[in-house]
Amino acid sequence: MERNVYDVLEERGFLKQCSHPEELRELLSKEKVTFYIGFDPTADSLHIGHYVALMTMAHMQRAGHKPIVLLGNGTAFIGDPSGKTDMRTMMSKETLAYNASCFKAQMARLLDFSDGKAQIVYNGDWLYPLNFLDFMRDIGVYFSVNRMLTAECYKQRMEKGLTFFEMSYMLMQSYDFLELNRRYGCVLQMGGDDQWSNILNGADLIRRKEQKPAFALTTSLLTNSDGKKMGKTEKGAIWLDPNKCSVFDFYQYWRNVDDQDVEKCLSLLTFIPMDEVKRLGALPGEQINEAKRTLAYTITEQVHGEEEAKKAQAAAESLFAGGTDLSNIPTCELSAEEIAQSGLRIPDVLVLSKLASSKSDARRLIEGGGVFIGDRKVESVNESLDPEDISGEGVILRKGKKGYCRIRRA
RNA sequence: GGAUGGGUUCCCGAGCGGCCAAAGGGAGCGGACUGUAAAUCCGUUGUCGCAGACUACGAUGGUUCGAAUCCAUCCCCAUCCA
């Protein structure tokens, strides 16, 4: 059989578990498959953890299959207990609707929604009007509590406690799959490996209730070499929204990944051909930095576009490789009011530029010898910036080796 | 509903009337070393103009010169029993 998208996903390291590998692979060669991945809109931006799923969809779409993005404005109402130790905070319908609209805009960069090549659906459409008794009688009967409790995702919660409220999440996700199968002929659900039980049960439900084939497939989670989820920083997740994570920070995150994780990131997060990915990943010693540069630029370009990616790269080169172009460095513009209020005292400016989280934090940083103006170390917490410094191009305020912010007058 | 054990700072987890802004570990941040990597070592980690003050140990009241520590009520969680 010729190579198809299943092999591509396998080669790039996406595949984790699949309910019927042989059957699915054959199906993907024979016909256009409608598949879906669900996203619960619990924040107003996607983050990098979602990106692997988006990449999976993009690969599938490029191979001619049809993605359905399911926005879980219904399920997010409940919260998925998988892998979490606490119950998710409940959100209002209005917030969920707003978040969903943000997701949609970000997805359009990677997926082609034109001419019905992909579509977005909301599970609230069928979950909100659901009647409890009907649902339990039609769907609930297919779920064995005994079996559910043996699932890995619930086992973890057995220690911490689990409510029926959350346990019903699996039923709803399974029902989503059934509903999409009925409405749109969707036969495959994909998702992160933490979703395995939910996805598998959905496929089982279709097979039992509809007597039709349905497939479950999970992809690797983006983890680093310690097995921890990637994309978390002191500032929180790596968001795709440039207002929540600046393009420069985004670029820098990838520029700084561990040596061991570069190849995996290139493979999962970019479309770079695999032989090139392998070459880059195998670069010895210091040369691995070439791979990191490629990774950082490529994924930044995919998410934020060519222009922004070039700016971020230029800024990074200026700061770390002795470049002189300061125009693209993250900048904090101080208003006249801020200048007056802060008196341009260094601790205050550190807070204003978000390099420090509080004045106490700023004070500690200075006392620890980690703050610089240009190349000069700030020796005392009592120092201030000269008003002259921040006119024109401004000055570079630096925290540690990697925290840069250009300070200038607004 | 009953019995028992719990709710501590970003996380885990000690403390059980003053010496507690709270041990220890994890994680983060800064320094040294490097390759804008890892490992290692050192420092640091509530807020506020430092000292000092203020806010913190599930919630609310109370006892005390003084409470995270004692009492009462309430909320939440775990285990066993119904």
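Computed from a predicted model, the values in this text were never measured in an experiment. Here is the naming used below: chain letters follow the sequence lines, and residue numbers restart at 1 for every chain.
Within 4.0 Å (heavy atoms only), A:Ser358 reaches sugar-phosphate atoms of the nucleic acid but no base atom. Residue contacts for A:Gln252: at a heavy-atom cut-off of 4.0 Å it reaches a base atom on one of the strands shown. Residue-level contact check: A:Gly403 touches neither bases nor backbone, having no heavy atom under 4.0 Å from any strand.
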Problem set entry | Intra- and interstrand pairs of RNA chain B - dot-bracket, Watson-Crick/G-U under 3.5 Å, | marks other strand | (((((((..(((.....[.....)))((((((.......))))))(((...)))...(((((..]....)))))))))))).

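Taking only side-chain nitrogens and oxygens, A:Lys402 comes nearer than 4.0 Å to OP1 or OP2 of B:rA37.
For A:Asn382 against B:rG49, no side-chain N or O and base N or O form a donor-acceptor pair under 3.5 Å.
Looking at heavy atoms from C-beta onward, A:Pro67 lies out of side-chain contact with A:Tyr36 at the 4.5 angstrom threshold.
Atom CZ of A:Arg364 and atom P of B:rA21 are 17 Å apart (whole Å). Straight-line distance from the CG atom of A:Leu350 to the P atom of B:rG30: 12 Å, rounded to whole Å. In this structure, A:Lys292 atom NZ and B:rA37 atom P are separated by 7 Å, rounded to whole Å. Nucleotide B:rA38 holds its C1' atom 17 Å from the CG atom of A:Leu283, rounded to whole Å. B:rG30 atom P lies 11 Å from atom CZ of A:Phe372, rounded to whole Å. For the pair A:Asp348 CG and B:rC50 P, the interatomic distance rounds to 12 Å; values are reported in whole Å. The distance between atom CZ of A:Arg363 and atom C1' of B:rG30, rounded to the nearest whole Å, is 16 Å. The CG atom of A:Asp361 sits 11 Å away from the C1' atom of B:rU47 (whole-angstrom rounding).
Of the listed nucleotides (B:rG49, B:rU34, B:rA37), B:rG49 has the atom at the smallest distance from the side chain of A:Lys359. With B:rC29, B:rG35, B:rU47 as the choices, the nucleotide that has an atom nearest any side-chain atom of A:Lys399 turns out to be B:rC29. Closest to the side chain of A:Lys401, from the set B:rA37, B:rG30, B:rG31, is B:rG31. Closest to the A:Asp259 side chain, of the nucleotides B:rG35, B:rG31, B:rA38, is B:rG35.
At least one donor-acceptor pair under 3.5 Å links the side chain of A:Thr218 to the backbone N or O of A:Gln17.
For A:Phe271, the CZ atom is densely surrounded, since the number of other residues' heavy atoms within 6.0 Å is greater than 12.
In this structure, A:Leu283 CG and A:Lys278 NZ are separated by 14.5 Å, a value rounded to the nearest 0.5 Å.
Here the separation of B:rU8 from B:rC12, taken at their P atoms, is 7 Å to the nearest Å.
Residue-to-nucleotide proximity on RNA chain B shows that, of A:Ser357 and A:Ala316, the 5′-proximal contact is made by A:Ala316.
In this structure, A:Arg207 forms a cation-pi arrangement with A:Phe215, its terminal cationic atom sitting closer than 6.0 Å to the ring centre and no more than 45° off the ring axis.
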